Amino acid sequence: MPLFLVFLTIYAVTVVGNLGMIMIIQINPKLHTSMYFFLSHLSLVDFCYSTVVTPKLLENLVVEDRTISFTGCIMQFFFACIFVVTETFMLAVMAYDRFVAVCNPLLYTVVMSQKLCSLLVGASYSWGIVCSLTLTYFLLKLSFKGNNIINNFVCEHAAIISVSCSDPYMSQKIILISATFNEISSLVVILLSYVSIFITVMKMPSTGGRHKAFSTCASHLTAITIFHGTILFLYCVPNSKSSWLMVKVASVFYTVVIPMLNPLIYSLRNKDVKETVKKLINTNYCDT
């Protein structure tokens, strides 16, 4: 019951935080920029993949029958994979957006056009679907017999193949290639963007300008560090029985905790978001 209350609170904050962020961006005209367009989709992705995992986790904490159907397990993996991969590239897209804003401020509105922003977001979702379909296809090629016990709270890839009675070599190889490509390609975009930002900022003559530039990137850097740090830890843990606890802790962190942290990170450090929230609270207070 204590764990149920903890995770229920986390999920409630996740839902309110992410849907609230989307609503705030929609109602405030000042936030109708490419940066907040990407942030609204990041919030949508966080809400979705937390919703794929957390309700079943909450159910398992209060009922004795903790079973999930094979179809349900595969569907949970399929959707969770879509949203995790999409978030990986959404963070890279946001890094590129910050690069253009800091390094080419005069051309920012021209370069980051609505068409390009929609294309980048669409590409992130599309690649997430392609990766998920591929990984799910190779999982379905495996054989499963009888009642299998998954050593995790979520239908994570390693947990599913651990109960397979056929050779999982190809499925393991595919997810290794996919995860490696996704991490390296997204991190290269992020690192190149922030190296360029750092060089540009250090050339600025005024201390105020440097501080403003760094502050606009601080929230995004924090989100990147937490997300990629957890993903790298999860896939770098050796696949042994003693590592299952660490895998489960990392899985909880990136599927349950990170979706709650992202809206908090962006809202607490963003003046425009905080002002919009204050106006909404004051308006509601005056109406009552």
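What you are looking at is a predicted structure, and each value in this text was computed from that prediction instead of being measured.
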How many angstroms lie between atom OG1 of Thr86 and atom OH of Tyr125, to the nearest 0.5 angstrom?
6.5 Å

Under a 4.5 Å side-chain heavy-atom rule over Ile, Leu, Val, Met, Phe, Trp and Tyr, are Phe89 and Leu133 clustered together?
no

Using the ring of each side chain (for Trp, its six-membered ring), is Phe83 parallel, tilted or perpendicular to Phe79, with breaks at 30° and 60°?
parallel

Taking a hydrophobic cluster as the set of Ile, Leu, Val, Met, Phe, Trp and Tyr residues connected by side-chain heavy atoms closer than 4.5 Å, whether directly or through intermediates, do Leu221 and Tyr266 fall within one such cluster?
yes

Rounding to 0.5 Å, atoms CG (Asp65) and OG1 (Thr67) come to a distance of 3.5 Å

Heavy-atom closest pair (Cys131 atom, Asn182 atom, distance to 0.1 Å) is SG-ND2, 3.8 Å

Under 3.5 Å, is there a donor-acceptor pair linking the side chains of Asp97 and Tyr108?
yes

Nearest heavy-atom contact between Phe227 and Thr88 is CE2-OG1, 3.4 Å

Do Ile177 and Ile160 land in one hydrophobic cluster if side-chain heavy atoms of ILVMFWY residues count as linked below 4.5 Å?
no

Polar side-chain atom of Ser113 near backbone of Thr109 as donor-acceptor pair, under 3.5 Å
no

Evaluation steps, side-chain contact (heavy atoms from CB on, under 4.5 Å), between Leu261 and Ile226:
CA-CA 9 Å; Leu261 291 178; Ile226 295 171; 4.2 Å; yes

All pairs passing ring-ring contact (aromatic ring centres under 6.0 Å, His included) where residues 45-76 contributes a residue, at least two apart
Phe70-Phe144

Output the distance between atom CD1 (Ile82) and atom CG (Leu135), rounded to the nearest 0.5 Å.
11.0 Å

Given the rule in the side-chain contact (heavy atoms from CB on, under 4.5 Å) test, do Leu44 and Cys48 qualify, once you have shown the distances and angles that lead to the verdict?
CA-CA 6 Å; Leu44 177 63; Cys48 288; 4.0 Å; yes

What about Leu5 and Val62, same hydrophobic cluster or not, with Ile/Leu/Val/Met/Phe/Trp/Tyr joined at side-chain heavy-atom distances under 4.5 Å?
yes

Taking Met90's backbone N and O only, do any of them form a donor-acceptor pair with His41's side chain (distance below 3.5 Å, no angle check)?
no

Under 3.5 Å, side chain of Arg66 to main-chain N/O of Asn60, donor-acceptor pair present?
yes

Short side-chain donor-acceptor distance under 3.5 Å, His220 and Tyr194
yes

One pair to check against side-chain contact (heavy atoms from CB on, under 4.5 Å): Phe37 and Val121. What are the steps and the verdict?
CA-CA 9 Å; Phe37 175 72; Val121 167; 3.6 Å; yes

Mind checking the OG1-CD1 spacing from Thr136 to Ile129? Nearest 0.5 Å is all I need.
11.5 Å

Between atom OG of Ser43 and atom CD1 of Ile25, what is the distance when rounded to the nearest 0.5 Å?
5.5 Å

Main chain of Phe78, side chain of Ser132: is a donor-acceptor contact present, judged purely on distance under 3.5 Å?
yes

Which heavy atom in Ile161 sits nearest to a heavy atom in Ser171, and how many Å separate them?
CG2-OG, 4.1 Å

Is there a path of hydrophobic side-chain contacts, each under 4.5 Å between heavy atoms of I/L/V/M/F/W/Y residues, joining Tyr11 to Met1?
yes

For Cys155, enumerate each residue passing the disulfide (SG to SG under 2.5 Å) test, keeping only those at least two apart in sequence or located in another chain.
Cys73

Looking at Ala159, is its backbone amide N or carbonyl O close enough to the side chain of Ser162 to form a donor-acceptor pair, meaning the two atoms are under 3.5 Å apart?
yes

Asn18 side chain to Pro259 main-chain N or O, any donor-acceptor pair under 3.5 Å?
yes

Is there a donor-acceptor contact under 3.5 Å from the side chain of Ser118 to the main chain of Gln114?
yes

Go through the steps to decide whether Ser50 and Thr255 satisfy the test side-chain contact (heavy atoms from CB on, under 4.5 Å), and finish with yes or no.
CA-CA 6 Å; Ser50 178; Thr255 57; over 6 Å; no

To the nearest 0.5 angstrom, please state how far the OH atom of Tyr96 sits from the SG atom of Cys103.
10.5 Å

Donor-acceptor pair, Thr54 side chain versus Thr51 backbone, under 3.5 Å?
no

Cut-off 3.5 Å, side chains only: do Ser164 and Ser166 have a donor facing an acceptor?
yes

